[in-house]
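In the text below, chain A, chain B and the rest are named by the order of the sequence lines, each starting its count at 1.
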Protein chains: 2
Amino acid sequence: MEMKDAVVALAAMAQETRLAVFRALVVAGPEGLSAGRIADALAVAPATLSFHLKELDRAGLVTARQDGRYVLYSANFAQMNALLGFLTANCCRGAVDDCAPAALCCPPDHA
Amino acid sequence: MEMKDAVVALAAMAQETRLAVFRALVVAGPEGLSAGRIADALAVAPATLSFHLKELDRAGLVTARQDGRYVLYSANFAQMNALLGFLTANCCRGAVDDCAPAALCCPPDHA
DNA sequence: TATATATTTCGATTAATGTTGAAATATGGA
DNA sequence: TCCATATTTCAACATTAATCGAAATATATA
C-alpha cells in the first residue's frame, strides 16, 4: 500500500457516519447489507449515505454488488488489513518480537 | 477507545503531511525529534508543521516535551495500538482463530 | 407498459481544513 | 541585559467536505 492510498483509506474512516457504516459492514460479514438497511440502521438520509458509501468505495474499503433491486455493500477485509499492515510497518525497527500481537480482520477467503 | 476518539485519531493521520510526520516519529522511537528537525526532513514551513503537530497531539498520537530551546515530539505508541485495537475489534465475530496475526507497534515500556 | 421501490446524481448551502507570512512567545548564550 | 534561535499563535485566504431536497436512473412486479 502506498502513502496516498493510506491517506485516502484513513480519510474514509475519519468520519463518524462512515466509520459507523464500515463497522456495521464488518459485523455483517461478506454477505453485506443493502444501502437501505444501512440507512435505516444509522438513520441517515439516502442521499447522504450514498455519498459516504461512494467515499468508502473510492478508498477500496467496501465493495458493491447488485442483488435484484438492492445494492449490497460489504467490507473489503483485504484492504482493511493492508491498511493495518501499512500503519504497523517500520514500527519497532526490528524489535518486533517484544510487541504485542493483534488479530487482523477475517479475510474473505474463509467466510 | 471511543468512537469519537477513533475518528479524531484517524482524521489526524488522514493527511499526507501528518502521516509523514507520524511515521517519522515512529521510526525515530521514544527519543523523538525536534520540531525543527521534522520541518527540515519533510520540507514543511514551521507554522504549517506546528499546526499539524498540534493536530497529532490533540489526537493523542504524539507527545511533546521541552528539551532546552527545542521541543521534542515522540509517537504515542499506546494510543496507536489502542486505535488498531479499536479497528480490529468486533471483527470476525469469534472466528478470530482463522485471522492472520499482525504485530502492533512497540509500546514505550520496553524502549 | 405502467407503477412502485431502491439508489444515485445534481445543486446549493454551510462548515471545516490546510497553508503561509508576520508577529508573539520562550529559551539559551554572549 | 541584549541578541539569536526555536516554536507557536494569529489572521486571512483558498480549498475541500458534509448535508439534504429534488430530480434522475435502475430494477421488479402487476
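- Residue contacts shown for A47(B) include a base, since a base heavy atom lies under 4.0 Å away.
- Using a 4.5 Å heavy-atom cutoff, the side chains of D57(B) and T63(B) are not in contact.
- Position along DNA chain D of the nearest nucleotide to Q15(A) versus G68(A) favours Q15(A) as the more 5'-ward residue.
- Proximity of Q66(A) to the phosphate of dT25(D): no side-chain N or O atom is located under 4.0 Å from OP1 or OP2.
- Candidate nucleotides dT7(C), dT19(D), dG18(C) were compared by shortest atom distance to the side chain of F51(B), and dG18(C) ranks first.
- Contact of the F86(A) side chain with the R23(B) side chain is registered, since non-hydrogen atoms from C-beta on lie closer than 4.5 Å.
- Using a 4.0 Å cut-off, no side-chain N or O of R69(A) falls inside it from OP1 or OP2 of dT29(D).
- In terms of phosphate contacts, Y73(B) brings a side-chain nitrogen or oxygen within less than 4.0 Å of OP1 or OP2 of dT8(D).
- Closest to the side chain of S34(A), out of dT8(C), dT19(D), dT7(C), is dT7(C).
- Across all strands, E55(B) comes closer than 4.0 Å to no nucleic acid atom at all (heavy-atom distances).
- Nearest-nucleotide mapping onto DNA chain C: of R58(B) and K54(A), the residue sitting toward the 5' end is K54(A).
- Checking side-chain atoms of N76(A) against main-chain N and O of Q79(A) turns up a donor-acceptor pair under 3.5 Å.
- Candidate nucleotides dG18(C), dA6(D), dT19(D) were compared by shortest atom distance to the side chain of T48(A), and dT19(D) ranks first.
- Between R18(A) atom CZ and L42(A) atom CG the span is 13.0 Å, to the nearest 0.5 Å.
- Under 4.0 angstrom from either OP1 or OP2 of dT17(C) there lies no side-chain N or O belonging to H52(B).
- Note on R37(A): nothing from the nucleic acid sits closer than 4.0 angstrom, heavy atoms only.
- Applying the 4.0 Å criterion to OP1 and OP2 of dT7(D), one finds that S50(B) has every side-chain N and O outside that range.
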